[in-house]
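Naming convention: chains lettered A, B, ... in sequence-line order (proteins, then strands); numbering from 1 in each chain.
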Amino acid sequence: MMRRLFAVWHARNLEFLRDRATLIFTLLLPMMLVVGMGFVFGGPPRALFKVGVITPQIDKHSQPGPMGHPFLQERYVDFVPIASASDGLPKITHQQIDLLVDLHGTPRYWVNTDSPKGYIVEKLLLAASPGAQRQPVTGAAVRYVDWLFPGILGMNMMFSCLFGVGYVVLRYRKNGFLKRLHATPLTAFEFLTAQVLSRLCLILFVTTILYVGIGTIIHFHSSGNLLLLVLIAVLGCLSMIALGLTIAAAISSEELVGGLLNLLTWPMMLVSGIWFSLEGSPRWVQWGAHIFPLTHLLDAERAVMLDGAGLAQITPNLAYLAATTLVFLAFGAWSFRWRVE
Amino acid sequence: MGQPILEVRNLVKQYPNVNAVDGVSFAVPEGICFGLLGPNGAGKTTTIEIMEGILQQTSGEVRYRGELLGPRFREEAGILFQKTALQDFLTVRQTLSMFRNLYDRGLDIEEVIRLCALEKLAGRDNRKLSGGQQQRLLLAVALVNDPSILFLDEPTTGLDPQARRNFWDLIQSIKARRKTIILTTHYMDEAEILCDDIAIMDRGRIIARGGPRQLLQEHFEEVLLELPRHDFPDEARHLVTKVIESADRVEIATQDLETTLRALMDARVSLQNLRIRPPNLEDLFLELTGKELRT
C-alpha cells in the first residue's frame, strides 16, 4: 500500500513542481499582497476609539456592559463586548482595543500606557466614571501588517487546498486518468491519501518560503512556538484539502465545481478574518464564521504568532480542524467516483 | 480445452431506455487474441469495460481463471482504454515508473521501453508525444505489470496508416509472448490480421462467433467480382444472382467464377477494371448486419 501511495504522491509532486507558471504564481501572489497591504495600511493607526467592555455570558443578542452607564453613551467610541478580563488583556496589550472596562460593581479599567489613543479614551472614561480603578498594562501595538500576515498565509492555504485539489481531481476524472488508475490495484483511499499528502507537503513548502520571505521583508517575529504553528498549518490544510476533495469527489462539471468552490471561498474571504477583525461585527456573524475551517486556522495562528498562545489555548481550534478533516474525508471517500458517469 | 482465462456469463447492462449489453456469454481460452467486433453503439466497449471490472453490470458475471473479478485480476490484467490522458509534466520513463509501482510484480521499466520502441522517447514529456507515440506509451503502461491478459479497446482509432501498422507489429510481438489479448475494433482488417477468434456484436448481442477463416467459410461460398459502376450496365443485371451496390462500384458474388465471367464477356461488359477478391470480414459484417460499418 505504501509503495502505491508513494508512487502517486511522487508523480503528483513532480507534476506540480514542473508547472512553473502555477508555482511562480502560487508564490508571488501572496507575497505581493502582503507587501502591498503592508505599504498601504502600515502607517499610523487610524483615529477610532475601540473600547472592550467585559460582558459575561455573551450571546448573539449581547449588548456591551450594563445598560445606561453614562460612559457607554459616548459618541465616536466603538464598544465591543468581551467575555472576560483574560480574553481582553491580550487585546489591550497589543493595542487592538484602546481600553478595557469592567462596569459591573465598582468600575475598573485596563489601559495600555504605551497607547496614545488609550490615554485619550481614559480621560473620557474618568469624566463619566471618576472612581474607576486604573490597572495599567504595557505592550507595543500590533502593526496591521503583522495582523494581516497570518491572514494572507491562511488565504493562500485556503485557495491552494480547495482549488488545487478540487480541480486536479476533476481534471483527472474528465480526461480519463482516474479511470486508468481505477484499472490498477490502487484503491480510492490510497489515491485520495496521496493527493492529500502531496498537496499538504507542497502547501507547507510554499508556506514556509512565504513565512521566511515575507517575515524578513516586514520584520515579523512570532511570539509563539514555531512547531505549534506547523501543527496548526497541517491540521488547517488537511481540513480544507479534505473539503476540496469532498466537493470534487463525485462531480464531473467544471462549472459546478467552480461555483461550489466560489460559494465556499467568498464567505471565508469575508468573515474568516483574513483582512480585518470581526470584533464589532454582529454576534451572529462571529458565531457563523466559526463554521469555516479557515476561521479556526486563523484564530489559532494569530493566537500563537501575536499572543504567544500555547497548545492548551488553541486546542478547541485544533480539535475542530481535526474533526472536520475526518468528516470531510469520510464523506469524500464515500462519494468518490473514478469516472464520469 | 482447459479452463478459459476469462468467462462471461449472461451479461446484461441496462441504461434508461436501452439495453447496451443484452445477455452476452462467451469464454476466452488462454493465449489467444480474441476480437470483439461491431459498429459504434453495438455494445462492445460496454462489454469490455464490464470485463475489465471498470463498469458494473446489471446482471450476469465475469470470471477470471474461474474467480469473480477481484484483486488478483487487477494485478494480472493490462488495459488500454480508448481515450486516456496521462499526467502532464512527467516523462515517459517517470510515467511508466509510477504505474509500475502500483503493482506487486511486473517487467523492468527498460524492458517495457524496449518492447514498445520507446527508447528515444523515454526522457520526453508526455505532452510532447504524437498520437502514435502516445498510444505506444499507453500500451507500455498496460504492459508494466507483465499482464496475463491484455485488453485493447480500439487501440488504433485515430492513428495514421503507418502508425497503425507499427502498432500491429507491437501487438504481434506481445502475442508471441503467449499473452491473452482481448481486442475491440471496428477495423475489420485489423481483426483479420491480429485475431485468432472473433465475436461480432450488434445491438448488444453476439451475432457470430468463431475464427476469422472459419466464419468466412461458414458464411461465404462465393468470390467477389468488383467493377466500377459505370462499367456495369443495367442490362447485365439479369446475368448475375447477387449484386451489392455502392456509390461508385458494384460487387458481384458468385460461386461459379468461370460461368459468370463468360456471361459478362458475352454481354460485352468491360472487364478492364475488374478486381476479383475473396470475401473478408467486412463483407461478413455487412452480410450479417445488413448495413455499412458505422465508424
Side-chain angles (χ1 to χ4, degrees), chain A residues 1-26 164-165 167-195 197-199 202 250 252 254 336-341, chain B residues 15-16 45 48-56 69-91 93-106 109 125-128 134 137-145 147 149-153:
Chain A
M1 181 182 115
M2 290 310 292
R3 190 191 62 244
R4 289 193 291 267
L5 204 152
F6 179 77
V8 177
W9 174 85
H10 179 62
R12 175 66 196 122
N13 289 352
L14 286 177
E15 191 182 29
F16 179 83
L17 291 172
R18 287 179 184 168
D19 186 356
R20 295 290 157 80
T22 307
L23 184 64
I24 289 170
F25 184 75
T26 308
V165 174
Y167 270 114
V168 167
V169 171
L170 180 65
R171 175 163 55 87
Y172 284 170
R173 182 180 298 114
K174 287 200 83 169
N175 68 18
F177 181 60
L178 272 189
K179 183 178 162 187
R180 185 62 193 80
L181 288 178
H182 185 35
T184 72
L186 186 74
T187 63
F189 175 78
E190 288 163 351
F191 171 77
L192 290 175
T193 307
Q195 296 305 309
L197 291 180
S198 166
R199 182 51 54 165
L202 294 166
S252 296
E254 280 156 11
F336 186 72
R337 297 287 178 272
W338 290 97
R339 54 181 290 163
V340 177
E341 294 296 329
Chain B
Y15 292 109
T45 292
I48 201 174
E49 289 198 345
I50 295 170
M51 290 159 71
E52 291 162 348
I54 295 295
L55 194 62
Q56 190 61 43
L69 302 186
R72 181 186 178 193
F73 173 77
R74 289 243 187 279
E75 275 291 337
E76 296 180 7
I79 299 178
L80 192 161
F81 291 117
Q82 254 182 58
K83 270 195 337 191
T84 301
L86 295 168
Q87 280 173 296
D88 292 341
F89 301 102
L90 262 64
T91 64
R93 182 177 277 109
Q94 284 164 341
T95 301
L96 291 172
S97 173
M98 194 274 280
F99 275 96
R100 173 65 189 84
N101 280 310
L102 300 182
Y103 297 92
D104 289 338
R105 65 181 188 89
I109 293 298
D125 189 322
N126 291 338
R127 294 170 300 161
K128 294 175 181 165
Q134 270 182 12
L137 171 57
L138 288 169
L139 179 64
V141 166
L143 291 172
V144 285
N145 57 328
I149 185 164
L150 181 64
F151 294 87
L152 306 174
D153 191 5

What residue, out of [options], has the most heavy-atom pairs lying under 4.5 Å from chain A?
options	answer
B/Asp125, B/Leu86, B/Ile79	B/Ile79
B/Leu102, B/Asp88, B/Thr84	B/Leu102
B/Asp104, B/Thr95, B/Asn145, B/Val141	B/Asp104

Could you tell me whether a side-chain N or O of [X] sits under 3.5 Å from a main-chain N or O of [Y], the two making a donor and an acceptor?
X	Y	result
A/Arg4	A/Phe191	no
A/Ser198	A/Gln195	no
B/Ser97	B/Arg93	no

Interface moiety of A/Tyr172 toward chain B, non-hydrogen atoms closer than 4.5 Å: side chain

Heavy-atom contact with chain B under 4.5 Å, split by part of A/His182: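 For A/His182, heavy atoms of backbone and side chain both lie under 4.5 Å from chain B.
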
Looking at A/Leu14, A/Thr184, A/Leu186, A/Leu178, which has the largest count of heavy-atom pairs under 4.5 Å with chain B?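 The answer is A/Thr184.
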
Side chain / backbone / both / neither for [X] at chain A, heavy atoms under 4.5 Å:
X	value
B/Phe99	side chain
B/Phe81	side chain
B/Gln94	side chain
B/Glu49	side chain

With sequence neighbours left out, what residues match B/Arg72 under salt bridge (charged side-chain N to carboxylate O under 4.0 Å, His left out)?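 Counting only residues at least two positions away or on another chain, B/Arg72 forms a salt bridge (charged side-chain N to carboxylate O under 4.0 Å, His left out) with B/Glu67, B/Glu76.
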
B/Phe73 and B/Glu52: which non-hydrogen atoms are nearest, and at how many Å? CE2-O, 3.3 Å

With sequence neighbours excluded, tell me which residues meet side chain to side chain donor-acceptor pair (under 3.5 Å) with B/Gln134.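 Applying side chain to side chain donor-acceptor pair (under 3.5 Å) to B/Gln134 gives none.
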
Could you tell me how the ring of A/Trp338 sits relative to the ring of A/Phe336: parallel (under 30°), tilted (30 to 60°) or perpendicular (over 60°)? perpendicular

